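Structure first, then comments.
Every value quoted in this text rests on a predicted model; they were computed, and no experiment measured them. The residues of the chain are indexed from 1 along the displayed sequence.
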Amino acid sequence: MTCHPSAGARPPAAPSSTWATPTSGPSPQSRLLQLAKNSRGASCGCGAAGQGWPFLQIPPSSSSSSSLPAVHGTSPQSRGSAVGEDKQGHPPGQQVIPSMGTSPGQQVIPEWGHPPGQQSIPCQAMAAQPAGVQKPQKPFHIVTPVLESLSLSKAAGTKVFMKMENVQPSGSFKIRGIGHLCQDAARKGCRHLVCSSGGNAGLAAAFAARELALPITVVVPSSSGPTPVRKLQELGATVEVYGKVWDDANSRAQELAKTEGWVIIPPFDHPLVWEGHASLVRELKDSLEDKPGAIVVAVGGGGLLAGVVAGLQQVGWQDVPIIAAETLGAHSFHEALKAGRLVTLPDITSVATCLGAKTVAARALECARECQVISQVVQDEEAVRAVQQFLDDERALVEPACGAPLAVLYSGWLQRLQSEGRLPSPLRSVLLVVCGGSNIHTAQLRALQSQLGLQ
């Protein structure tokens with residue numbers, strides 16, 4: 001079935017580089033002269049006082065203003081059409097600027113004040129930039145905090161730091177690599193994005209698509225449940241539910257991507273995705289006083305693992321061991337390591353559906369040859385118990401996929417690895433990537449606990 005965006009979906013953002021030319025209105029001359037004396041054009045770096053001030057303005061076009069998004073809840077008609085003034089007396093083509101407190105017929109002038117008839121010259125027109133050189137686009141992810149966890153430190157027997165990727169705009173680390181790949185696709189002329197996902201990669205792609213003002217179709221399996229579908233629709237995505245597990249949804253997405261102008265966004269198996277995820281480790285280098293004794297991550301398709309390995313190599317930390325945690329029933333990486341080749345699981349039986357790739361990316365297997373990667377499989381019960389414990393300890397709700405690395409620390413697996421000689425003892429510290437995940441809420445957590453006999 002195909003679910004289309006709800007009527008209340010947020011419209012695409014207006015272009016950021018927009019300008020206006022003031023033509024009339026009050027002129028606070030004294031303040032203008034003072035500003036000119038003080039600033040001498042420093043605000044835009046152009047060397048001309050009073051020029052280059054930015055205004056919020058959508059350039060006039062031949063189309064009706066009904067194509068413009070409503071501002072502050074007003075309908076397009078309330079702002080007038082291209083052939084006459086709107087109800088507030090703005091001339092044709094002049095965009096209403098909200099929250100400036102203007103009266104009907106009054107020209108909007110920024111608080112620094114331009115005199116009547118003076119033209120505002122865009123800064124970029126005066127900047128000394130080589131022709132054809134575009135300013136690098138700001139990434140969609142944020143720099144997340146690194147926090148020490150006293151409860152996890154006590155459980156693990158060593159100091160534990162948490163990289164809080166659950167606070168990313170899309171709810172998980174996925175926005176780092178997925179956002180990076182989407183920006184690259186947009187620069188190359190993509191007209192429509194398509195992504196297959198268990199939930200989190202799709203949310204990251206939908207967030208990026210909204211920021212890029214591109215349409216997107218996300219294909220999810222039925223095992224994802226209603227929560228990610230609703231969130232994807234809220235971000236403006238067209239959602240198609242196809243098949244039982246992610247592999248089924250991915251086959252459908254590959255078919256859709258054959259449409260001209262459509263570009264597929266793989267959820268984990270792409271070099272630009274790994275490159276984006278590597279930014280996580282570069283942030284750790286800036287945040288931590290010393291490199292950790294080990295890093296604990298969740299492994300589904302292997303994109304996060306590949307990104308972490310790339311980041312460790314970039315900052316010179318390639319000797320830091322990585323504990324790759326999976327749940328039984330979604331442990332394709334563990335089986336591949338054991339066999340020394342890619343292995344396809346017959347089915348995904350774990351409740352951690354976002355770890356549910358029946359075959360891990362080939363790059364994940366290569367990572368195990370380049371760095372010390374220790375595979376650790378935990379039970380679903382351990383992962384769900386860890387989710388509840390983390391909620392109680394750190395006041396943060398994450399999904400069972402994130403519960404797998406949490407269980408490594410809460411359930412004593414770290415100490416067992418040390419006793420087996422696979423990890424040094426003592427460890428300087430442990431860094432846990434709290435990968436996050438949006439496919440969870442308290443009622444769902446209670447249902448999982450009941451399903452697994454944990455209540």
Side-chain angles (χ1 to χ4, degrees), residues 144-167 172-173 280-281 283-285 287-300 304-305 308-309 311-312 317-328 331 333-334 337 352 355 368 371-437 440 445 454:
T144 53
V146 177
L147 306 175
E148 182 180 357
S149 172
L150 297 179
S151 57
L152 283 169
S153 298
K154 181 178 180 180
T158 189
K159 185 177 289 188
V160 174
F161 293 101
M162 306 177 295
K163 182 64 169 166
M164 303 298 287
E165 290 297 291
N166 58 312
V167 303
S172 79
F173 73 95
L280 184 153
V281 181
E283 291 174 18
L284 291 176
K285 174 78 169 180
S287 300
L288 297 174
E289 294 181 359
D290 194 9
K291 62 183 178 182
I295 296 178
V296 189
V297 301
V299 176
L304 176 59
L305 174 62
V308 167
V309 167
L312 291 176
W317 286 1
Q318 55 266 35
D319 59 332
V320 175
I322 303 169
I323 304 172
E326 301 171 282
T327 50
L328 187 66
H331 58 300
F333 178 63
H334 181 82
L337 273 184
L355 296 181
C371 293
Q372 183 186 356
V373 180
I374 302 169
S375 172
Q376 182 60 60
V377 179
V378 303
Q379 300 290 330
D380 277 347
E381 292 83 356
E382 292 177 297
V384 173
R385 272 197 298 263
V387 168
Q388 179 65 64
Q389 188 64 50
F390 191 68
L391 176 60
D392 294 339
D393 291 341
E394 305 295 342
R395 305 169 305 285
L397 180 60
V398 296
E399 61 186 44
C402 188
L406 284 169
V408 170
L409 302 178
Y410 277 130
S411 298
W413 287 106
L414 186 76
Q415 290 91 328
R416 288 179 226 183
L417 292 172
Q418 288 177 300
S419 65
E420 293 169 2
R422 301 172 69 187
L423 280 176
S425 182
L427 285 168
R428 288 188 300 273
S429 64
V430 172
L431 188 286
L432 168 71
V433 178
V434 182
C435 53
I440 190 69
L445 177 58
L454 300 177

* To do: Output, in order, the C-alpha distance, side-chain angles, deciding distance and verdict of side-chain contact (heavy atoms from CB on, under 4.5 Å) for I295 and I323.
  => CA-CA 6 Å; I295 296 178; I323 304 172; over 6 Å; no
* Structure fact -> salt bridge (Lys or Arg N to Asp or Glu O under 4.0 Å) pairs touching residues 400-410, sequence neighbours excluded, are none
* Asked: So which heavy atom on G436 is nearest to which on N166, and how close?
  -> CA-CB, 3.6 Å
* Asked: Does some side-chain heavy atom of V299 sit less than 4.5 Å from a side-chain heavy atom of L355?
  -> no
* Are any non-hydrogen side-chain atoms of L414 and T158 less than 4.5 angstrom apart? -> yes
* Asked: Sub-3.5 Å donor-acceptor pair from the side chain of Q418 to the main-chain atoms of W413, do we have one?
  -> no
* Between CZ on residue F390 and CZ on residue R395, distance to nearest 0.5 Å -> 9.5 Å
* Asked: Can any side-chain N or O of T327 pair as donor or acceptor with the backbone N or O of D380 at less than 3.5 Å?
  -> no
* Does a side chain donor of either S149 or E394 reach within less than 3.5 Å of an acceptor in the other side chain? -> yes
* Nearest atoms (heavy-atom pairs only) where A401 meets A352 -> N-CB, 3.9 Å
* Asked: Hey, are the side chains of L288 and F161 touching, using non-hydrogen atoms and a 4.5 Å cut-off?
  -> yes
* Please lay out, stage by stage, how M164 and V146 fare under the test side-chain contact (heavy atoms from CB on, under 4.5 Å). => CA-CA 6 Å; M164 303 298 287; V146 177; over 6 Å; no
* Asked: How close do G403 and A386 get, heavy atom to heavy atom, and via which atoms?
  -> O-CB, 3.7 Å
* **E382 side-chain N/O to Q379 backbone N/O, donor-acceptor pair under 3.5 Å** => yes
* Which atom pair, heavy atoms only, marks the closest approach of P292 to S429? -> CA-OG, 3.5 Å
* So which heavy atom on A298 is nearest to which on L304, and how close? -> O-CD2, 3.9 Å
* Structure fact -> So NE2 of H331 and CG of L337: to nearest 0.5 Å the spacing works out to 11.5 Å
* Report yes or no: does R422 contribute a side-chain atom to a donor-acceptor pair with the main-chain N or O of L417 at less than 3.5 Å? => no
* Asked: Are any of the side-chain heavy atoms of Q388 and Y410 separated by less than 4.5 Å?
  -> no
* Asked: Is the backbone of R416 close enough, under 3.5 Å, to the side chain of S419 for a donor and an acceptor to pair up by distance?
  -> yes
* Asked: Going by heavy atoms in the side chains, are V387 and L397 under 4.5 Å from each other?
  -> yes
* Asked: What are the two closest non-hydrogen atoms of V373 and A368, and how far apart are they?
  -> CG2-CA, 3.8 Å
* To do: Quick one: pull up CD in Q389 and CG in L152 and give me the separation to the nearest 0.5 Å.
  => 8.5 Å
* Taking the side chain as C-beta and beyond, is there a heavy-atom pair between I440 and V398 under 4.5 Å? -> no
* **Heavy-atom donor-acceptor pair, E326 side chain to H334 backbone, under 3.5 Å** => yes
* **Candidate pair T144 and K163, rule side-chain contact (heavy atoms from CB on, under 4.5 Å), full reasoning** => CA-CA 7 Å; T144 53; K163 182 64 169 166; 3.0 Å; yes
* Could you go step by step and tell me if K285 and W317 meet the side-chain contact (heavy atoms from CB on, under 4.5 Å) rule? -> CA-CA 9 Å; K285 174 78 169 180; W317 286 1; 3.8 Å; yes
* C435 side chain near C402 side chain, heavy-atom distance below 4.5 Å -> yes
* Are the side chain of Q415 and the backbone N or O of A155 linked by a donor-acceptor pair below 3.5 Å? -> yes
* Enter the distance from L312:CG to I322:CD1 here, rounded to the nearest 0.5 Å. => 5.0 Å
* L284 and L431, any side-chain heavy atoms less than 4.5 Å apart -> yes
* **Enclosure of K291 NZ (heavy-atom neighbours >12, cutoff 6.0 Å)** => yes
* To do: Ignoring hydrogens and angles, tell me if any N or O in the side chain of S153 forms a donor-acceptor pair with the backbone of V160 under 3.5 Å.
  => yes
